Amino acid sequence: MRIDVVTIFPAYLDPLREALLGRAVERGLLEIAVHDLRRWTHDVHQAVDDAPYGGGPGMVMRPQVWGEALDEVLPAGPQPARLVVPTPAGRPFTQTTARAWADEQRLVFACGRYEGIDERVLLDARARGIEVDEVSIGDYVLVGGEVAVLVMVEAVARLLPGVLGNPRSAAEDSFSDGLLEGPSYTRPETWRELAVPDVLRGGNHAAIARWRRDRALERTRDRRPDLLDALPPDALDAADRAV
Ligand SMILES: N#Cc1c(-c2ccc3ccn(Cc4ccc(CN5CCCC5)cc4)c3c2)n[nH]c1N
């Protein structure tokens, strides 16, 4: 997969060169290119924003600059690509979204700032046959799209073959069975007078699986009852319903 990110703050995306993702890039599992949007300005001030038509707070990012940037970074043509635009007004970005995008050959992320990007940039991309997703990473307000791109790139990249050391991790993700994962423990057996639950040290794999599912059901019911409501009718068996 190749990922391109267009932003006026390229350094915000430096964390994509670190740790797991950095190693994935070095190993050729993933290509990441970050582009400074100001490269496509032509004025001495490198202006990327202007006042909003109709008035209102803040500034809007100019279509000309974005248009030239995306013409270069995301040329219409045979190779399919998806343009992702983070926005507070976007559809929710979820693990389902991440899984779907993990199958893409190319993802191009447009990081807005100010009040966002002139709507015509997205209309023009769609008119050129480009899939455009406007997404939000959560119900809170950020200052720009860069942090959202870090979140989404990490969520997608970890699903790519070879990126995670243990492929089971992604398969057993939170939400993979529709539930939150339960508590985890490691050595020592007792720490500050707090002991690891006996069942986890007992070696009875069926009992361990049951205990973990019970803790996941309890936690999901307590913290995310909406996930329980969204489960298909046959997702919970009698033992689950007894928790
Ligand atoms: N993903 C994601 C996001 C973002 C996000 C993503 C991309 C950009 C580009 C610019 N901003 C700043 C901003 C902030 C508020 C508004 C709404 N206006 C305020 C007053 C009248 C309406 C418009 C833009 C962004 C914020 N925020 N929260 C998420 N989950």
Side-chain angles (χ1 to χ4, degrees), residues 1 3-16 21 30 32-41 45-74 81-102 104 106-126 130-159 173-175 180 223-224 226-227 230:
M1 175 185 286
I3 292 175
D4 288 88
V5 186
V6 182
T7 169
I8 57 173
F9 294 118
Y12 241 100
L13 284 302
D14 287 353
L16 295 180
L21 289 193
L30 179 62
I32 299 179
V34 179
H35 311 272
D36 185 340
L37 179 68
R38 295 192 194 275
R39 205 176 105 198
W40 289 278
T41 59
H45 300 296
Q46 297 189 308
V48 293
D49 63 303
D50 203 339
Y53 274 111
M59 304 291 273
V60 175
M61 300 191 92
R62 302 171 60 217
Q64 307 94 318
V65 185
W66 273 106
E68 288 188 30
L70 294 179
D71 285 351
E72 185 171 327
V73 174
L74 182 48
R82 180 176 296 275
L83 176 63
V84 177
V85 184
T87 167
R91 289 191 171 88
F93 173 79
T94 67
Q95 189 69 11
T96 301
T97 320
R99 283 199 206 94
W101 291 358
E104 296 281 350
R106 287 200 66 200
L107 293 175
V108 177
F109 291 88
C111 297
R113 281 270 157 168
Y114 309 100
E115 291 303 310
I117 302 171
D118 186 299
E119 185 69 9
R120 291 169 290 182
V121 173
L122 285 67
L123 293 173
D124 173 67
R126 291 189 175 109
I130 291 162
E131 284 288 321
V132 180
D133 287 343
E134 295 174 77
V135 290
S136 168
I137 61 168
D139 293 338
Y140 37 78
V141 184
L142 302 171
V143 181
E146 287 79 5
V147 166
V149 170
L150 289 175
V151 166
M152 294 189 279
V153 168
E154 180 164 310
V156 172
R158 66 185 290 279
L159 298 175
D173 267 343
S174 262
F175 313 105
L180 302 180
R223 299 180 185 174
R224 290 294 304 277
D226 58 298
L227 293 179

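Atom set for the values below is all heavy atoms of this structure, side chains included, hydrogens, waters and symmetry mates excluded. All values derive from a computational prediction rather than experimental measurement. Residues: numbered from 1 along the sequence shown. First listed ligand is number 1; within each ligand, the first listed atom is number 1.
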Is it the case that more than 12 heavy atoms not belonging to Arg91 sit under 6.0 Å from its CZ atom?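 No, the 6.0 Å shell around CZ holds no more than 12 heavy atoms from other groups.
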
Does Asp50 offer a backbone N or O that forms a donor-acceptor pair with the side chain of Arg62 under 3.5 Å?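 Pair absent, no side-chain N/O of Arg62 close to backbone of Asp50.
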
Given a heavy-atom cut-off of 4.0 Å, could you list the residues near ligand 1 in chain and number order?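 Shell around ligand 1 (4.0 Å, heavy atoms): Pro86, Thr87, Pro88, Gly112, Arg113, Tyr114, Glu115, Val135, Ser136, Ile137, Gly138, Tyr140, Val141, Leu142, Val143, Gly144, Gly145, Ala148.
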
Closest heavy-atom contact between Ala69 and Leu37?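 Of all heavy-atom pairs spanning Ala69 and Leu37, the closest is CB-CD1, 3.8 Å.
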
Does a salt bridge link Arg39 with Glu68, judged by any charged N lying under 4.0 Å from a carboxylate O?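 No, no charged N to carboxylate O under 4.0 Å.
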
Side chains of Glu115 and Pro52: does their closest heavy-atom pair fall under 4.5 Å?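 The answer is no; the side chains never approach within 4.5 Å.
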
When the ring planes of Phe109 and Trp101 are compared, do they come out parallel, tilted or perpendicular, using 30° and 60° as the limits?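 The rings of Phe109 and Trp101 stand perpendicular, inter-plane angle above 60°.
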
